[in-house]
Protein chains: 2
Amino acid sequence: MTPTSSSGIAFLIDDDAAVLDALSWLLRSRGIPSKNWNSAEAFLSDYSPQMQGCLIVDIRMQDMTGFELFDRLRTLGCPMPVIFLTGHGEVSKAVQVLKQGAFDFIEKPFNDNELADRVLEALAWDKSRRARGQQSHAIHDRLRSLTSREKEVLSHIIKGQMNKIIADELNIAMRTVEVHRSHVFEKMGVKSAVELATLLAENGISMSY
Amino acid sequence: MTPTSSSGIAFLIDDDAAVLDALSWLLRSRGIPSKNWNSAEAFLSDYSPQMQGCLIVDIRMQDMTGFELFDRLRTLGCPMPVIFLTGHGEVSKAVQVLKQGAFDFIEKPFNDNELADRVLEALAWDKSRRARGQQSHAIHDRLRSLTSREKEVLSHIIKGQMNKIIADELNIAMRTVEVHRSHVFEKMGVKSAVELATLLAENGISMSY
DNA sequence: GGCAATACTGTGGATAACCGCAGCCCCTGA
DNA sequence: TCAGGGGCTGCGGTTATCCACAGTATTGCC
């Protein structure tokens, strides 16, 4: 099992110790591991891109609103799903934040079962995100292993151009293109141009050189 | 200009004639064409998949709630973006409906500029959706023009298999595969297997035969 | 029965892809 | 200075692809 195959942790962020206790107790009773922070700043200073799981964030905190924390984390590139907890029904804020990519927005007092279900959904979402990311990361690693000339040839290959044409456009011999081409296939772990094109297209990668 | 290149219409659905008037006046002042319905049922009976634009639906109506209308339309396959208007802040409903794919959820009284902006966003979203759909539709039309044997060969081509292998697996002569292959290219409007693979992958089409 | 569509096959030749072997040039770092 | 990596190239041979020409067979429809 690689590290990214774990189900992740629920990161609880609230400046109300009673809420943190109640939440962590609830989650533990469902077998969901969690960790607590009593302020947004505290979490931010501990934040690491290695973290896996989801965030459960109170909207109303002393040092920073949950929205601000959300913005800061997104700026840092944190992709984890965020569930907001709110005590007072601000519809426009809820709508805004959901449209910005929050995972959920739950009013207090919340139903225990419902909250636990949402957390499980968020953890599952994050897990599948990591799986997708791992695939995509592996491809980018392979792309980075290509020399610049190889990338250039690659970009022509996936346009479906023949070796002769590529050679003309790059002003090199066909034999050279053949060599680069076979290196590209080897480094990218594919056996044909079709596989290569599919691999890149499925991962939304377009090589514009 | 094809029909689908128009910007679409705002379909207003509210059983309060005063609101309909105000909305249609507002939108007309911004150059946004709109049409009115005074009940959900009335709109449903007029609904046609040909409609282009977005819906602006009051949550609270006599015959049916906006949510019900939303569900009914989605069941009918209506893909248009829906903006809900609500007079009373139900956060949980807003969250639920947004997660189900509503475009926006706006509280009354609303800011005129904001609403007009949202409508324009929704219309733009629908326009780009139609563009994507048209591309995808064209591809499916071409796929449908293939005979079943050709589709079978296609599925092997996009796996990157050589004609010889395909011939073996289908128990036919290589020459026959070559013929099917060239028919597939011609009907799909591509000149190479790479183009074909990219075309299908970019549109999320996987041929499993 | 004739006609069209579909599927299938063979022959032979042109073109393209693939590959090992061999070698050249340039740059960089030990 | 020498080794290694990257880029470039030619030769010769095998395998694949693409295609024109030429058929056979089956099915379904008017």
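Because the structure is a prediction, the values reported are computed rather than measured. Every chain is numbered from 1, with letters handed out A, B, ... down the list of sequences.
Remark: P of D:dG10 and CD1 of A:Ile172 are 11 Å apart, rounded to the nearest angstrom. At whole-Å resolution of the value, CD1 in B:Ile166 and C1' in D:dC18 are 14 Å apart. When rounded to the nearest whole Å, the span between CD of B:Glu152 and P of C:dT6 equals 16 Å. Rounded to whole Å, atom C1' of C:dT6 lies 8 Å from atom NE2 of B:His180. Rounded to an integer number of Å, the gap from B:His183 NE2 to C:dA5 P is 12 Å. Summarising the geometry, the separation between NZ on A:Lys151 and P on D:dG7 is reported as 11 Å, rounded to the nearest angstrom. To the nearest angstrom, C1' of C:dA5 lies 15 Å from CG of B:Leu146.
Not one N or O on the side chain of A:Arg72 forms a donor-acceptor pair closer than 3.5 Å with the backbone of A:Leu76.
Applying the 4.0 Å criterion to OP1 and OP2 of D:dG5, one finds that A:Thr147 has every side-chain N and O outside that range. Between D:dC8 and A:Arg149, a contact under 4.0 Å exists linking OP1 or OP2 to a side-chain N or O.
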Sugar-phosphate atoms are those with a prime plus P, OP1 and OP2; base atoms are the rest. Using that split, label each nucleotide of nucleotides 16-29 of chain C B, S or - for protein heavy atoms under 4.0 Å, 5' to 3'.
SSBBBB--------

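The pair A:Asp168-A:Lys164 fails the salt-bridge criterion, with no side-chain N (NZ, NE, NH1 or NH2) lying under 4.0 Å from an Asp/Glu carboxylate O. In this structure, A:Asp126 pairs ionically with A:Arg129, as a charged nitrogen and a carboxylate oxygen lie closer than 4.0 Å.
B:Thr176 comes within contact range of at least one nucleobase, with a heavy-atom separation under 4.0 Å.
Aromatic ring centres of B:Phe11 and B:Tyr47: separated by at least 6.0 Å.
No hydrogens or angles considered: nothing links the side chains of B:Arg118 and B:Asn113 as a donor-acceptor pair under 3.5 Å.
For the side-chain contact (heavy atoms from CB on, under 4.5 Å) criterion with B:Leu12, the lone passing option out of B:Leu20, B:Asp58, B:Asp21 is B:Leu20.
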